[in-house]
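Let me begin by presenting the structure, written as structure tokens, before commenting on it.
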Amino acid sequence: MTTTQSSIASGMTRRGLLAGAAATAGTLALYGCSGNSGGTSGGKGTLTVAGQSDNLTQVFNPFLENTAQGLTYTSPGSGGFIYEPLVQINTVDIGHDLPWLAKSWRWSDGNKTLTLELQTGVKWTDGTAFSADDVVFTYTMLKQNAGLNLGGVAFATVTAPGPAQIVFTFDVPSEQLFTEVVSVPIVPEHIWSKVKNPTTYTDKNPVGTGPFKLSTFSAQSFLLVRNEDYWQPKAEITALRFVAYKDNQSMTNALVQGLADWGGTYIADADKTYLSRSKHNNYWAPLAGTDGIIPNLERWPLSDIAVRRAISLGVKRKQVGAATGSPPATSVTGLPMPAYTSQVSAQYKGVNFEEDTAKAEKTLTDAGYTKGGDGYYHKGGKRVEFSISFPSAYTDIASRVQVLVSQLKDIGIKLTVDTTTVNDINTITAKGNFDSTMGYPVNSAPRAFSYYYDTINPNLYYPIGKATPTYQNIERFQNAEAKALFTEYPKATTDAQRQQILDKIETIFVEELPWIPMFYWGSYGNWSTAKATGFPSPDNPYFSPVPNPVVALRLKPV
């Protein structure tokens with residue numbers, strides 16, 4: 001909803017960048033550089049990318065949170081500019097995923113076996129040949145170190161029958177887990193096998209197979225230079241300099257002033273503040289998910305469905321979305337529209353959220369709530385009041401929340417703001433130490449089922465105080481029927497059977513309202529064509545416009 005935006009401040013996918021990879025208030029004092037590969041420091045062919053970081057340190061371990069990788073908009077546990085995945089999942093042109101280190105794949109044995117054929121002629125940046133052994137090593141390491149498995153990748157076995165083939169087996173049909181399984185960053189066995197503890201390994205000088213490699217690093221920025229021996233046609237741009245800024249506004253200023261060429265941030269009043277400043281400036285945020293009030297269902301008052309229903313009835317979604325130029329959520333299923341229209345069950349096609357403040361208050365009074373002299377509803381001697389937690393640097397979330405504070409006051413519910421840092425938000429939500437949040441920490445939904453799987457799967461429930469390792473179902477939603485349905489879905493063998501199960505899950509979502517959709521969010525992309533062209537756009541929506549290696553490889557210097 002919110003990945004990692006996931007709602008997504010700076011256009012970052014929620015599981016990714018709220019899982020700590022990218023951040024906010026930067027420490028910008030330079031402390032000297034350390035390099036691992038030489039290369040240009042700027043000039044023609046170099047693009048500057050604006051990102052966010054709380055505390056930029058030279059840690060490139062792709063399986064850890066709060067690392068330098070986050071400045072590249074790379075989610076923890078996912079492939080990026082340096083370390084690559086088997087497949088690039090396409091969240092814009094849904095279903096058209098890109099073969100990467102794996103050139104093809106197939107499911108067999110009732111979707112309990114996944115076989116991937118790997119690219120040949122691939123080398124690590126130190127010149128060592130890449131092989132299937134590196135893939136087996138990487139996934140085995142994740143299986144042996146749960147703390148590194150931020151993507152929640154699950155499988156029974158992984159083997160390499162040959163130097164260019166990988167076979168995964170699963171205990172149950174698992175095609176629905178494809179996107180998580182193939183997104184893992186592959187690391188070199190010849191280096192990582194010598195690491196005593198991968199959960200603390202900093203990986204200061206990363207050796208990957210990707211199109212770029214680390215050149216220089218400082219506390220404010222680092223430079224990735226082109227991999228001249230890349231296995232695909234090498235990038236035409238020669239380098240990417242990633243610069244840390246403290247928040248959305250600082251990033252916007254850099255983009256507006258021409259100090260940055262590419263970014264992935266929300267820009268307030270983009271037409272006036274950014275697009276009008278130069279004919280080269282572009283801004284696009286393709287819809288990637290849904291966001292809203294994400295409650296902790298084990299804390300009152302949001303544990304009471306009457307309160308959740310009253311909120312859903314009382315808010316004006318158009319105004320909430322308009323605070324940041326986001327379209328209001330419409331479908332009661334929560335699925336982003338119109339992208340998933342075909343997967344909405346028949347009974348909910350065209351059924352949208354109702355907005356009726358009088359009905360909202362009646363919902364509360366019917367449930368035994370009474371309005372006090374302070375203008376707020378009470379029950380059992382307690383005022384209907386809750387807080388919403390989010391990183392203070394995410395100014396887009398703050399803008400929406402301010403609208404909600406006023407709207408909820410109008411229906412007798414008090415909402416307070418509880419800001420924190422990007423580094424801390426996931427610790428808070430993972431352990432259940434919050435009333436509600438916005439900017440849900442999961443990725444955009446590459447499939448309709450994954451949208452529900454990430455947000456309301458009771459099989460991913462953890463009690464308060466025990467951290468959810470993959471930041472899924474942080475609401476701690478429990479429902480016996482839903483639990484069974486999520487277990488049954490992988491066993492379905494036809495699209496019709498899968499849709500029947502999805503229909504039932506949608507019904508549970510509508511009736512239980514485990515969280516309250518407010519608006520659709522986009523993957524923010526901001527770029528200038530003054531130095532390079534080839535970025536995705538509404539006219540050529542081949543991939544997400546957020547800084548990523550797929551796009552970088554298509555760019556052509558001006």
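No hydrogens, no waters, no symmetry mates; every other heavy atom, side chains included, goes into these values.
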Quick one: does [X]'s side chain have a donor or acceptor within less than 3.5 Å of a partner on [Y]'s backbone?
X    : Y    : value
Y520 : T330 : yes
T115 : R106 : no
R226 : A235 : yes
T341 : M337 : no
E189 : F137 : no
N149 : A146 : no
N61  : D203 : no
R309 : E511 : yes
Q497 : T493 : yes
N145 : L148 : no

Task: Identified side-chain contact (heavy atoms from CB on, under 4.5 Å) counterpart of V344 within the set L335, L502, V351 - done: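 In the set L335, L502, V351, the residue that makes a side-chain contact (heavy atoms from CB on, under 4.5 Å) with V344 is L335.
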[X] and [Y]: side chain donor to acceptor below 3.5 Å:
X    : Y    : result
Q472 : T468 : no
S183 : S78  : no
S450 : E180 : no
S537 : D539 : no
E84  : T209 : yes
Y489 : N457 : no
D503 : Q499 : yes

A quick test of your reading: do over 12 heavy atoms of other residues, nucleotides or ligands sit less than 6.0 Å from [atom1] of [X]?
X    : atom1 : answer
K483 : NZ    : no
K466 : NZ    : no
N197 : CG    : yes

I need the [X] [atom1] to [Y] [atom2] distance, nearest 0.5 Å.
X    : Y    : atom1 : atom2 : value
M438 : M518 : CE    : CE    : 6.0 Å
N479 : I505 : CG    : CD1   : 10.5 Å
K103 : L116 : NZ    : CG    : 12.0 Å
N526 : F535 : CG    : CZ    : 10.5 Å
Q165 : S131 : CD    : OG    : 13.0 Å
K213 : N205 : NZ    : CG    : 12.0 Å

Heavy-atom check, side chain of [X] versus side chain of [Y], under 4.5 Å:
X    : Y    : result
V315 : I311 : yes
P188 : Y83  : yes
Y340 : L287 : no
L98  : F543 : yes
R299 : I464 : no
W100 : V550 : yes
P545 : P286 : yes
H96  : Y542 : no

TODO: Return the orientation label for the Y283 and Y524 ring planes: parallel under 30°, perpendicular over 60°, tilted otherwise.
DONE: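 Because their plane-to-plane angle is under 30°, the rings of Y283 and Y524 count as parallel.
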Open item on the list: Parallel, tilted or perpendicular, judged at 30° and 60°: which one describes the rings of F212 and F81?
Closed with: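 Perpendicular.
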I need the minimum non-hydrogen distance between [X] and [Y], along with the two atoms involved.
X    : Y    : value
G79  : T74  : O-CG2, 3.7 Å
W262 : P547 : CZ2-CA, 3.3 Å
Y451 : G334 : OH-O, 2.8 Å
L71  : G51  : CD1-C, 3.5 Å
T159 : V136 : C-CG2, 3.7 Å
S303 : L297 : CB-O, 3.2 Å

Task: E236/K556 under salt bridge (Lys or Arg N to Asp or Glu O under 4.0 Å): CA gap, chis, key distance, verdict - done: CA-CA 6 Å; E236 293 190 39; K556 297 183 181 298; 2.8 Å; yes
Task: Intermediate values then yes/no, side-chain contact (heavy atoms from CB on, under 4.5 Å), Y139 and V135 - done: CA-CA 6 Å; Y139 282 89; V135 180; 3.7 Å; yes
Task: Residues F477, W515; criterion side-chain contact (heavy atoms from CB on, under 4.5 Å); working and verdict - done: CA-CA 9 Å; F477 178 63; W515 65 276; over 6 Å; no
Task: Identified ring-ring contact (aromatic ring centres under 6.0 Å, His included) partner of F168 from the options F155, W107, W105 - done: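 The passing option is F155.
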Task: Step-by-step side-chain contact (heavy atoms from CB on, under 4.5 Å) determination, I425 to F434 - done: CA-CA 9 Å; I425 186 64; F434 70 104; over 6 Å; no
TODO: Step by step, work out the side-chain contact (heavy atoms from CB on, under 4.5 Å) result for I501 and F449.
DONE: CA-CA 10 Å; I501 295 173; F449 176 76; 5.7 Å; no
TODO: Measure from NZ or CZ of R317 to the centre of the six-membered ring of F353 and say whether it is under 6.0 Å with the direction within 45° of the ring axis.
DONE: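 Yes; both conditions hold, so R317 lies above the ring face of F353.
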Open item on the list: Would Y201 and W192 count as a ring-ring contact (aromatic ring centres under 6.0 Å, His included) here? Give the steps.
Closed with: CA-CA 9 Å; Y201 179 47; W192 282 66; 4.9 Å; yes
